[in-house]
Amino acid sequence: MYAQMVKSTGQGVKPREEMSPQERAFQDRIDADQKIEPKDWMPDAYRKTLIRQIGQHAHSEIVGQLPEGNWITRAPTLERKAILLAKVQDEAGHGLYLYCAAETLGVSRDELTQDLLSGRMKYSSIFNYPTLTWADMGAVGWLVDGAAIMNQVPLQRTSYGPYSRAMIRICKEESFHQRQGYDIMMKMANGSDAQKKMAQDALNRFWYPSLMMFGPSDKESVHSAQSMAWKIKINTNDELRQKFVDQTVPQAELLGLSIPDPDLRWNEERGHYDFSEPDWTEFFDVLRGAGPCNTDRMAARRNAWDDGAWFRDGLMAHAEKKRARAAAAKTAAE
Amino acid sequence: MAAAVKAAPTREEALVEFLLRLGDNTLILGHRVSEWCGHAPVLEEDIALANTGLDLIGQTQLWLGLAGEVEGKGRTADSLAFLRDVWDFRNILLVELPNGDFGRTLMRQFLFDAWHVLMLGRLTESADARIAEIAHKAGKEAAYHLDRSSDLVIGLGDGTDESRRRMQEALDYLWPYVGEPFMPDAVDQLMAAEGVAPDPASLRQEYDATLRRVLGEATLTIPQDPFAQLGGKTGVRHSEHLGHLLTEMQWLQRAYPGASW
């Protein structure tokens, strides 16, 4: 759920009898768990929804470098510094795979980047929260990557081949990220009083934003229903959120930390934890750009792009010169 | 505090000092490079630069680890990195200079890599087997760094008017810092006499040849002024920039002494 609230056709699932023969054949392939590949025919809406979803996911990886990048120069040991740098580098790599997957649908990385920088496309709400202490590096790995994995593991089975293959690679790295985050939390929770305080504070600040990562309940959402029929989305937001809570509560107990929810309790009958909903007003504020870090995150991305224009232009010009020289040398030799 | 360079260090003092120079170069440059993470002009460069940073941090762990071991006072690579003050750092001035634009960062990387590759190549023949072993591993990484930084310096020098102007400005700005690693002092002389390391001055000719080849292809003009700013590798006079870098890098270790992370 690096992709939240992705809109599809807005018309709900098309009934089979209204489908053209081509659409029916397409849906049959999806129902038979066959992968759709770039050169295959696909409905326009499928293509558009996927571009939105993969693009948003890619942007999340890129903007997601920033909150953790914030601590690379302050990592407390050489090993922690190397691990964090490698992790943030992985996120950039994930962005790259995903932009490549999106390119197979006919949209270039530069176009998607322009859409991010102009605000037309979004990235996950979670990256608009600040990282204030070293324990936040633990909390981000443990909770944010943990929540991401919940969504991404099923997406390995998504119907679009390039997206599915990108997710398989990404998931391998994400589970390492989550372990390193939990390892930081473990050190902090078992450390000095100041470190324990940092760990609890990080959990307090990241708990509800992590629950928001799954997006609001989509039981009634027409977009989600269509995406699920196309196997672009595999589970509902509520299913994933519940799974995340059920997995995370015992981990917090093991750390000796308290989940900041007085109403959290095990529900024997349901076989799940009951928990409080996050503040959805805050979620929509963050989505519309009023989160604590939206302005800074976008400014950082715009600066990187604008300040790098001369660099990209220079290398393009050089490649062109080389090509022209090689062509001239070839002509001279003939 | 490590003693400032004495006229006649003992062999062991000189060896520790020499290892600190190697480890501090990679530590400080690795830190500078890591400052770009998430902010580079293209995704591929963001990833590649992080790789360089990772290699340099890894080499730091080896060099500073060995320095602590040789010193025998219980200091680790981490305590050396995070608990020394400016005057105890032994990196050359070049690597502590701020990143500037991406062009200056790449030019600094190239000027360092060209020296680093030569130094590590010679250190693979060190009389000290531990040094030879680290140099062998680090040398492969440095050769890759040099390939990459050379390509980019050439591409940007021989790119647009603006990219060429920026690269020439970067070269002119960094030029006074190029000479320092080649200037021998008592530590270098002792290491050379013991067969541990080459005489640093002996690397200059080949270094200049690399510069002529790459900067020539980049259509850049190599400055002729031989003046060299000194004081980094001896620790006598670092730039004002190093203190700020350390303030950031060492903050957690300083603010929470003795905590385990």
Side-chain angles (χ1 to χ4, degrees), chain A residues 61-86 88-93 95-96 99 109 113 133-134 184 187-188 190-192 194-195 198 300-301 303-322, chain B residues 27 30-51 53-54 57-58 60-61 64-65 76-78 81-82 101-103 106 151-152 154-167 218 245 248-253 255-256 258-261:
Chain A
E61 300 282 1
I62 301 308
V63 179
Q65 288 183 278
L66 299 172
E68 288 176 289
N70 182 38
W71 278 89
I72 290 174
T73 56
R74 289 178 291 173
T77 68
L78 293 170
E79 193 186 1
R80 289 290 182 201
K81 191 190 191 74
I83 293 171
L84 187 60
L85 182 55
V88 179
Q89 183 197 33
D90 281 350
E91 312 292 2
L96 200 55
Y99 284 126
R109 198 203 307 178
T113 301
T133 74
W134 176 251
I184 290 176
K187 266 280 195 220
M188 304 290 284
N190 293 306
S192 65
Q195 286 175 304
M198 280 183 222
R301 288 315 308 160
N303 286 342
W305 183 253
D306 294 345
D307 294 350
W310 73 271
F311 171 88
R312 296 186 301 273
D313 293 346
L315 290 184
M316 294 294 278
H318 179 69
E320 187 46 51
K321 283 183 191 178
K322 262 174 88 171
Chain B
L27 171 65
H31 184 93
R32 281 291 186 221
V33 162
S34 77
E35 291 173 7
W36 274 105
C37 190
H39 303 276
V42 257
L43 210 39
E44 285 85 348
E45 291 311 318
D46 212 305
I47 294 170
L49 207 53
N51 258 335
L54 279 168
I57 295 165
T60 303
Q61 289 173 299
L64 293 186
T76 62
D78 276 336
F82 292 94
D101 69 6
F102 206 64
L106 291 171
D151 278 356
L152 288 168
I154 291 169
L156 294 168
D158 184 26
T160 59
D161 288 346
E162 188 187 2
S163 70
R164 183 176 185 286
R165 176 185 62 74
R166 284 179 183 255
M167 296 314 279
L245 184 154
E248 188 170 337
M249 183 174 86
Q250 298 181 336
W251 175 70
L252 270 177
Q253 288 280 0
Y256 301 93
S260 164
W261 305 91

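Computed from a predicted model, the values in this text were never measured in an experiment.
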Which of [options] touches chain A most, by non-hydrogen pairs under 4.5 Å:
| options | answer |
| --- | --- |
| Thr60(B), Leu27(B), Asn51(B), Asp101(B) | Asn51(B) |
| Thr160(B), Leu245(B), Ile47(B), Asp46(B) | Ile47(B) |
| Leu152(B), Asp78(B), Asp158(B) | Asp158(B) |
| Arg32(B), Glu44(B), Gln253(B) | Glu44(B) |
| Ala259(B), Gly38(B), Ser163(B), Gly155(B) | Gly155(B) |

On a heavy-atom basis, which atom in [X] and which in [Y] lie closest, and how many Å separate them?
| X | Y | result |
| --- | --- | --- |
| Leu54(B) | Ala82(A) | CD2-O, 3.1 Å |
| His39(B) | Ala300(A) | CE1-CB, 4.1 Å |
| Phe82(B) | Ala75(A) | CE2-O, 3.4 Å |
| Tyr256(B) | Ala194(A) | CE2-CB, 3.8 Å |

Expected output: side-chain [X] to main-chain [Y] donor-acceptor under 3.5 Å:
| X | Y | value |
| --- | --- | --- |
| Arg80(A) | Trp261(B) | yes |
| Lys321(A) | Gly159(B) | yes |
| Gln250(B) | Arg74(A) | no |

Side chain, backbone, both or neither: which part of [X] has a heavy atom under 4.5 Å from chain A?
| X | answer |
| --- | --- |
| Asp161(B) | neither |
| Arg164(B) | neither |
| Ala40(B) | backbone |
| Ile57(B) | side chain |
| Leu106(B) | side chain |
| Glu45(B) | side chain |

_Residues that Phe102(B) engages under ring pair (Phe, Tyr, Trp, His ring centres under 6.0 Å), provided they are two or more places apart_ =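 For Phe102(B), the residues satisfying ring pair (Phe, Tyr, Trp, His ring centres under 6.0 Å) (neighbours in sequence not counted) are Phe311(A), Trp36(B).
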*Kindly check if the number of other-residue, nucleotide or ligand heavy atoms within 6.0 Å of NZ (Lys322(A)) is above 12?*
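At most 12 heavy atoms, drawn from other residues, nucleotides or ligands, come within 6.0 Å of this atom.
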Contacting moiety of [X], where chain B heavy atoms sit under 4.5 Å:
| X | answer |
| --- | --- |
| Arg312(A) | side chain |
| Ile184(A) | neither |
| Leu315(A) | both |
| Gln89(A) | both |

Look up atom [atom1] in [X] and atom [atom2] in [Y], then write down how far apart they are to the nearest 0.5 Å.
| X | Y | atom1 | atom2 | result |
| --- | --- | --- | --- | --- |
| Gln65(A) | Cys37(B) | CD | SG | 5.5 Å |
| Leu85(A) | Ser34(B) | CG | OG | 6.0 Å |
| Thr73(A) | Met249(B) | OG1 | CE | 10.0 Å |
| Gln61(B) | Glu79(A) | CD | CD | 6.5 Å |

*Show the numbers, then the answer: is there a side chain to side chain contact (heavy atoms under 4.5 Å, CB included) between Leu156(B) and His318(A)?*
CA-CA 7 Å; Leu156(B) 294 168; His318(A) 179 69; over 6 Å; no
For chain B, which of [options] has the most heavy-atom pairs under 4.5 Å?
| options | answer |
| --- | --- |
| Gly308(A), Gly314(A), Ala86(A) | Gly314(A) |
| Glu68(A), Met316(A), Arg109(A) | Arg109(A) |
| Ala92(A), Gly95(A), Gly69(A), Ala309(A) | Ala92(A) |
| Ile72(A), Thr77(A), Asn303(A), Asn190(A) | Thr77(A) |

*Is Lys81(A) salt-bridged to Glu35(B), cutoff N-O under 4.0 Å?*
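Salt bridge flag = no for Glu35(B) with Lys81(A).
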